[in-house]
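Report on the following structure.
Computed from a prediction, not measured in an experiment: that's the story for all the values here. Below, read A as the first sequence line, B as the second, and so on, with proteins coming before strands; counting in each chain starts at 1.
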2 protein chains.
Amino acid sequence: MPTNKTRRDRAHEQLQLTVDLVILTVYGGDLQVLIVERGNEPFRGSPALPGGFLRSGEGVYEAAVRELWEETRLDGEKLPLRQLEVFGAPDRDPRGRIVTVPYLAIAPNLPPPEAGSDATAAALRPVRQLLTAGASLAFDHDDILRLALEETAKELEHSTIATEFCGETFTIGELRAIYEMVWDRPLDPRNFNRKVTRTDGFLEPVGTRASREPGRPAMLYRAGPAKRLYPPILRSAEGED
Amino acid sequence: MPTNKTRRDRAHEQLQLTVDLVILTVYGGDLQVLIVERGNEPFRGSPALPGGFLRSGEGVYEAAVRELWEETRLDGEKLPLRQLEVFGAPDRDPRGRIVTVPYLAIAPNLPPPEAGSDATAAALRPVRQLLTAGASLAFDHDDILRLALEETAKELEHSTIATEFCGETFTIGELRAIYEMVWDRPLDPRNFNRKVTRTDGFLEPVGTRASREPGRPAMLYRAGPAKRLYPPILRSAEGED
DNA sequence: CCAAAAGTGTTCCGGCTACACCCATGC
DNA sequence: GCATGGGTGTAGCCGGAACACTTTTGG
C-alpha cells in the first residue's frame with residue numbers, strides 16, 4: 001500500500017466489533033441453540049444469536065466470555081469457547097460498519113432461560129428445525145449458526161468436546177446420542193461403545209450404574225484428560241460438507 | 001452485568017481492523033513465507049507479516065484480496081485464501097485498539113520480490129528457521145505464523161491445497177515434497193504414490209513425462225476437480241498439535 | 001555398470017462394519 | 001416372559017506401513 005501514510009489520514013471509517021454466541025446444548029432429546037429476541041432496531045422482534053459490542057479496552061475473547069456469562073451465567077473460561085470465522089461484509093448491518101466475531105459455546109444441560117429476564121427474551125430453539133425452516137434469524141446469523149454446527153460436527157471427530165454436552169457423569173448411550181444429534185445420523189451402539197472405550201483418556205469409568213428405563217443399566221463415565229481423539233471417530237463419507 | 005443499556009452510550013472506543021497475510025510458497029526446496037520490513041513505528045525496521053488497515057466500505061475478505069494483490073500481484077479470488085483466528089488482545093498494538101484478521105494464502109512458485117519496490121522491503125524467509133529461531137516478528141505475528149502453519153498442515157490431510165503450491169503440472173515427487181516440508185517428516189514415496197493416485201479427483205494424468213535428474217522420469221499430473229480428500233491422508237499420531 | 005528416482009506387488013496389521021449373541025433391568 | 005437398552009465376540013473388508021522388486025533415466 002501507499003508508502004507514506006499507513007497513518008490514519010486515509011479514511012478509516014468508524015468501525016465497530018461485536019461478538020455473537022452460538023450456545024449449543026441438548027435439551028429434551030434435541031440439539032438446541034440459545035436464541036434471543038431482538039429488543040432494538042434493526043430486526044427488532046426478530047430472533048437472533050445473543051451477542052453485543054466490544055467494550056473499551058476489552059479483548060475479543062473477553063467480550064465473548066462476558067456475553068456468555070450475561071446470557072447463561074456460565075463461565076466461559078471453563079468451556080470450550082471456540083472462535084469461528086469472522087463475518088465482515090460491509091452491508092451486513094444497516095447501522096453501519098459492524099464486523100462480528102462469532103464464538104461457539106457448548107453447554108451441559110443448559111436450563112431454558114426464564115422469559116423476560118433481560119430486555120431481550122431468550123429461549124432454546126431446536127437447531128435442526130431452525131436450519132431447515134429456511135432463513136429465520138436476523139442479520140447473517142443463519143450462516144453463522146450453520147457454520148457453528150458444521151464446526152461442531154468436525155470437532156466431534158477429532159476432539160472430546162462431546163463430553164461437554166454431558167453432565168459430570170454420563171453413560172455411553174448419552175454420549176452416543178450427542179454424536180447422533182449433531183451428525184444427524186444413527187450410529188451402531190455396539191461399535192460406538194468399543195470405539196470410545198478403547199480411546200485412551202477419553203472416558204474414565206466411575207463404576208456406578210444408572211438405572212432408569214427398561215434395559216440393562218449402563219456404566220457411568222466421567223470425561224478423561226484427553227482433549228484430542230486418536231484415532232479419530234470419523235463420520236463415514238457422505239459429506240454434509 | 002448491567003441489563004438496561006445494550007445501547008451505544010457505553011463507550012465504544014475507536015477501534016480499527018487490519019488484515020494480515022501469511023503467504024506461503026516453496027522456493028529453493030524450502031517452505032517460505034513472505035515477510036516485509038516495517039517502515040513505520042511501532043516496530044519500525046522489524047520483520048512482520050504483510051497487512052494493512054481496512055478501507056472505508058471494504059469487506060474483510062476484500063481487504064485481504066487487495067493486500068495480497070498489492071504484495072504479490074496474485075489474484076486472491078483464485079487462491080485458497082483462508083481466514084484464520086482473529087487476534088484481538090487489547091494491548092497487542094501500542095497504537096491503540098487494533099484487531100487483526102489473519103489470512104492464509106498459498107502461492108505456487110512465488111518469485112522472490114525485488115527489494116525496494118515498496119517503502120517496505122519484502123523477502124521470502126524460510127518458515128522453519130523463522131519459527132525455531134525464537135520470537136522474531138513484530139506484534140504477535142509469530143503466533144499468527146505458527147497458527148497458519150498448523151492450519152496448513154491440517155488442511156493437507158483433508159483437502160487438496162497441496163496442489164496450490166505446485167505449478168500447472170507437477171510430479172508426484174514434487175507433491176510429496178510439499179507434504180514433507182509442511183509436516184516436517186519424511187513420507188514413504190511408494191505408499192504416497194498410491195495414496196494420491198487412488199483418490200478420485202485429486203490428480204489428473206497429463207501423460208507427459210518430466211526428465212531432469214538421474215532416475216526414471218515421473219509422470220506429470222494436473223490438479224483434479226476434487227477439493228476434499230476422502231479418505232484423508234493422515235499424519236500418523238505424534239502431534240505437533 | 002551403478003546410482004537414483006519412479007512406480008508396482010505383496011504381506012502384515014489394526015480399525016471399521018456388520019451382525020450374532022449374552023446381560024440386566026422394568027413391566 | 002418379553003421388550004428394551006447395555007455390552008462382548010467375531011468374521012470380513014479396507015486402508016496404512018513396511019519393504020522387496022522392477023523400470024528408466026543420467027553418469
Please tell me if the side chains of [X] and [Y] come closer than 4.5 Å, counting only heavy atoms from C-beta onward.
| X | Y | value |
| --- | --- | --- |
| I144(A) | T100(A) | yes |
| Y103(B) | V19(B) | yes |
| L74(B) | L110(B) | yes |

[X] side chain: which of [options] is closest?
| X | options | answer |
| --- | --- | --- |
| I172(A) | dG7(C), dG7(D), dA18(C) | dG7(D) |
| D188(B) | dC19(D), dG16(D), dG7(D) | dC19(D) |
| A218(A) | dT17(C), dG15(C), dG6(D) | dG6(D) |
| R176(A) | dC16(C), dA18(C), dG6(D) | dG6(D) |

- Query: Is the number of heavy atoms from other residues, nucleotides or ligands under 6.0 Å of D200(B) CG greater than 12?
  - Reply: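 No.
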Could you tell me the separation between the [atom1] atom of [X] and the [atom2] atom of [N], rounded to a whole number of Å?
| X | N | atom1 | atom2 | answer |
| --- | --- | --- | --- | --- |
| L234(B) | dG16(D) | CG | P | 8 Å |
| K195(A) | dT8(D) | NZ | P | 16 Å |
| R194(A) | dC22(C) | CZ | C1' | 14 Å |
| R198(A) | dT8(D) | CZ | P | 12 Å |
| N191(A) | dT8(D) | CG | P | 12 Å |
| L175(B) | dA5(C) | CG | P | 17 Å |
| F192(B) | dA18(D) | CZ | P | 16 Å |
| R185(A) | dT17(C) | CZ | P | 11 Å |

- Note on the structure: Each nucleotide of nucleotides 20-27 of chain D classed B (base within 4.0 Å of a protein heavy atom), S (only sugar-phosphate) or -, in 5' to 3' order, makes BB-BBBS-
- Message: My understanding is that only residues two or more places apart in sequence, or in another chain, count here; which of them pass side chain to side chain donor-acceptor pair (under 3.5 Å) with D143(A)?
- Response: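 Expected list: none.
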- Taking only side-chain nitrogens and oxygens of N193(B), does any of them come within less than 4.0 Å of OP1 or OP2 of dA6(C)?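 Checking N193(B) against dA6(C): no side-chain N or O falls below 4.0 Å of OP1 or OP2.
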- Item | Distance in Å, L34(B) CG paired with L49(B) CG, rounded so as to fall on 0.5 Å steps |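 Reported to 0.5 Å precision, the distance equals 9.0 Å.
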- Message: Give me each pair satisfying ring pair (Phe, Tyr, Trp, His ring centres under 6.0 Å) with a member in residues 121-178 of chain B, each pair once, sequence neighbours excluded.
- Response: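 Listed once each, the pairs are H158(A)-H158(B), F43(B)-F139(B), F139(B)-H141(B).
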